[in-house]
Enquirer: 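Quick one: the structure is below, and I'll ask about it shortly.
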2 protein chains.
Amino acid sequence: MAKSHKPTIYDVAKAAHVSPTTVSRFLNGQYQSMSSEARDRIATAVARLGYTPNRFARGLRSKRSGMIGLLVVNLSYPFASLLSRGLGQVAYPAGYQVITADFDGSVEKERQYLHMFSRGQVDGLVIQTEGKNRALLEKIAGELPVVLVDRNYGIPHTDSIVINDLEASEEMTRHCLQQGYQRVFYFTEPEEGIPPRALRLQGYIRAMADRQLPQDIMRVRKESPVEVKEALRSTLEVAQKQPTAIYTANGLVMLEVLRARNALKQESLDVPIGLATFDDPDYATALSPPLSAVNVPMEDIGRIAMHMLLRRFEGTQAEEQHIVLRANVVPRESTRTII
Amino acid sequence: MAKSHKPTIYDVAKAAHVSPTTVSRFLNGQYQSMSSEARDRIATAVARLGYTPNRFARGLRSKRSGMIGLLVVNLSYPFASLLSRGLGQVAYPAGYQVITADFDGSVEKERQYLHMFSRGQVDGLVIQTEGKNRALLEKIAGELPVVLVDRNYGIPHTDSIVINDLEASEEMTRHCLQQGYQRVFYFTEPEEGIPPRALRLQGYIRAMADRQLPQDIMRVRKESPVEVKEALRSTLEVAQKQPTAIYTANGLVMLEVLRARNALKQESLDVPIGLATFDDPDYATALSPPLSAVNVPMEDIGRIAMHMLLRRFEGTQAEEQHIVLRANVVPRESTRTII
DNA sequence: ATGAAAGCGCTAACAG
DNA sequence: CTGTTAGCGCTTTCAT
């Protein structure tokens, strides 16, 4: 009980009567290159000393950090936190830690974080990118495995995991129409070249065009309650004349629509209307009536992303992989059949 | 354009015609020990070569990692994601990265992560602990700065940031009573020794005792819809006879109550009732009527936690710090005056 | 104000 | 199967 400093590989080696090299091999699972006795002695020594390897020394030598970078638009959005959770579920048991950063929708911040992560900081990167740092991301993808989630910009050497935005959105629009709504208003944030936004809109457009119905596309910035409120007002005016539903491009826009509806109620403008949203936020089933939604398997995306990285690390995976998960339409009361 | 490997401190030194030592000083901001010319030459060289220090080499020598550990119960709960966001807002600009892990309410997992973080992995730790790994946490707090958030278990050498759970809860209960509800049912998860749960309950009890009103405490596990539903059923029975409100201990319990109410509506059991919740979840203002809530400054907690760590790193702060932030009652329509 | 030298703890050749 | 040796890139005495 003399030594106070943290035990090193040398302490273990001494205690087990082997060389540091053998201990190192042991730590890296190369059991075939040592006698079973040596293995046991080392195991005992490690346990007795409470030894754990120093990650910095390890990283310095081996060039591997045991860390994964996760870069998202906004950590407080359900997509990000569930993604992060799923990622961690696979990463930690595999011996990897996750460094998370949110760039708050700022292209400049995204760039900074990318730089930070690229300098040998992390072994792999999972990113929900804004798509504006294409060149940098492409360069990084040449140095380490990169998985694009949610938004696939087709950047060379990157893997990707997205959902079937277009088809699911089309299906949800169809669902609304089948329920008897003659008008379906689509509320979305401006596309700004962001694939899921464009695709979901596309899905809506397709379904409406298919039935030769008018397309009512309301582009609103969710940060602007006034914008949303005015868009809702004109929607409700229509709804007074014919059965109408509102279908929002994601759960955050739906929140704003619901808030705007509350505001309009204050002005005694209240018209029954169908509601549906992409995403299946936690509040969907708490609302009355419960909200029809497109369920996106966010945790799965995280888990799969990590599995993809692990395969890259093993070298098992050579070609780019592009996975499209299925998002499911979950019909609920908010679009119940009318007439 | 010859060298392909990442530039090291030696490359910079050579380019700036100084020794690696001076470059190191430069990198660590010790400008007073070099001529301004040397400083300029180094700055130029760093920029030109695109040099960034290797964190492993640095960590190996200096024993500091530049990383903060964040350990939470569940990363997908709003508390955690907002906390994480707040932490990052201060950490990154200060040159620290955040490693986040969620232990999913498992004491064993919490222990494992604590071990992982304690072995010189991180420079500081922010944790929402279950309080069951007291000894280990105390040991870790002896080795590095630890900030307890949300739940203060009074572990020696740890700082803490919590909110005024008791007072805020008492205030919210009072608010309900003032609005004319004769019964206020308090829905909470079993306390299990978790401070905020116990304190919020306490606040409710105080307010009720003060007015000599019956205490209706419904302990439910939010994972059990059946339990919540039955608790709600008996609550609604009372509500049929006298003006009643439900006040939930947090936003997740409220979600379950709302779901249960939907389920009971299916059974045609629907009684008007007041609603209030601790936490101010995003859906509060989306519901109709909007939900009265106790607003908890979660991002602030994260930001302050990081500031506390930074002060510890500087050595500016010696004594334990225990901060209590104020949570505010936000009255909304869901508890509008009745008679 | 500056530099030389000595490692931090580990792993990866290269021997045996 | 095992050990010796030489660094990885940086910071930190200790000189000057």
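By convention in this document, chain letters (A, B, ...) are assigned in the order of the sequence lines, proteins followed by strands, and residues within each chain are numbered from 1.
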Enquirer: Between B:Lys63 and C:dG9, is there a side-chain N or O to OP1/OP2 distance below 4.0 Å?
Expert: yes
Enquirer: Contact list please: residues 36-54 of chain B against DNA chain C, heavy atoms, distance less than 4.0 Å, in numerical order.
Expert: B:Ala38
Enquirer: Taking 4.0 Å as the cut-off, does a side-chain nitrogen or oxygen of B:Arg25 come that near to OP1 or OP2 on D:dT11?
Expert: no
Enquirer: Do the ring planes of A:Tyr31 and A:Phe26 sit parallel (below 30°), tilted (30 to 60°) or perpendicular (above 60°)?
Expert: perpendicular
Enquirer: Is there a donor-acceptor pair closer than 3.5 Å between any side-chain N or O of B:Asn54 and the backbone N or O of B:Ala57?
Expert: yes
Enquirer: To check you understand the geometry: which heavy-atom pair defines the closest contact between A:Phe103 and A:Thr129, and what is its length?
Expert: CZ-CA, 4.4 Å
Enquirer: Please say whether more than 12 non-hydrogen atoms of neighbouring residues, nucleotides or ligands are located less than 6.0 Å from CD in A:Glu320.
Expert: yes
Enquirer: Measure from CZ on B:Arg64 to P on C:dC8 and round the result to the nearest Å.
Expert: 19 Å
Enquirer: When the distance from CZ of B:Phe56 to C1' of D:dC10 is rounded to whole Å, what number comes out?
Expert: 13 Å
Enquirer: Please report, rounded to the nearest Å, how far the P atom of C:dA13 is from the CG atom of A:Asn28.
Expert: 13 Å
Enquirer: In whole Å, what is the span from the CZ atom of B:Arg58 to the P atom of D:dC8?
Expert: 18 Å
Enquirer: What's the CG-P distance between B:Leu60 and D:dT12, to the nearest Å?
Expert: 12 Å
Enquirer: Any side-chain N or O of A:Ser35 below 4.0 angstrom from OP1/OP2 of D:dT2?
Expert: yes
Enquirer: Of all heavy-atom pairs between B:Arg41 and B:His17, which one has the smallest distance, and what is that distance?
Expert: NH2-O, 3.7 Å
Enquirer: Can you give me the closest heavy-atom contact between B:Ser160 and B:Met308, atom names plus distance?
Expert: O-CE, 4.1 Å
Enquirer: Return no unless some side-chain N or O of A:Thr22 is found under 4.0 Å from OP1 or OP2 of D:dG3.
Expert: yes
Enquirer: By nearest heavy atom, map A:Val18 and A:Tyr10 onto DNA chain D; which one lands nearer the 5' end?
Expert: A:Val18
Enquirer: Taking all heavy atoms of B:Ala45 and all of B:Ala15, pick out the closest pair and write down the distance.
Expert: CB-CB, 3.9 Å
Enquirer: Which whole-number value in Å describes the distance from A:His17 NE2 to D:dG3 C1'?
Expert: 16 Å
Enquirer: Distance check: side-chain N/O of B:Thr8 vs OP1/OP2 of D:dG9, anything under 4.0 Å?
Expert: no
Enquirer: Is B:Ser33 touching bases, backbone alone, or none of the nucleic acid, heavy atoms closer than 4.0 Å?
Expert: base
Enquirer: Between P on D:dT11 and CE on B:Met34, what's the gap in Å once rounded to a whole number?
Expert: 12 Å
Enquirer: For B:Arg61 and C:dG9, give me the distance from atom CZ to atom C1', rounded to whole Å.
Expert: 12 Å
Enquirer: Check every strand shown and say whether B:Thr21 touches a base, only sugar-phosphate, or nothing at a heavy-atom separation below 4.0 Å.
Expert: base
Enquirer: Taking only the side-chain nitrogens and oxygens of B:Lys6, find out if one of them lies under 4.0 Å from OP1 or OP2 of D:dC8.
Expert: no
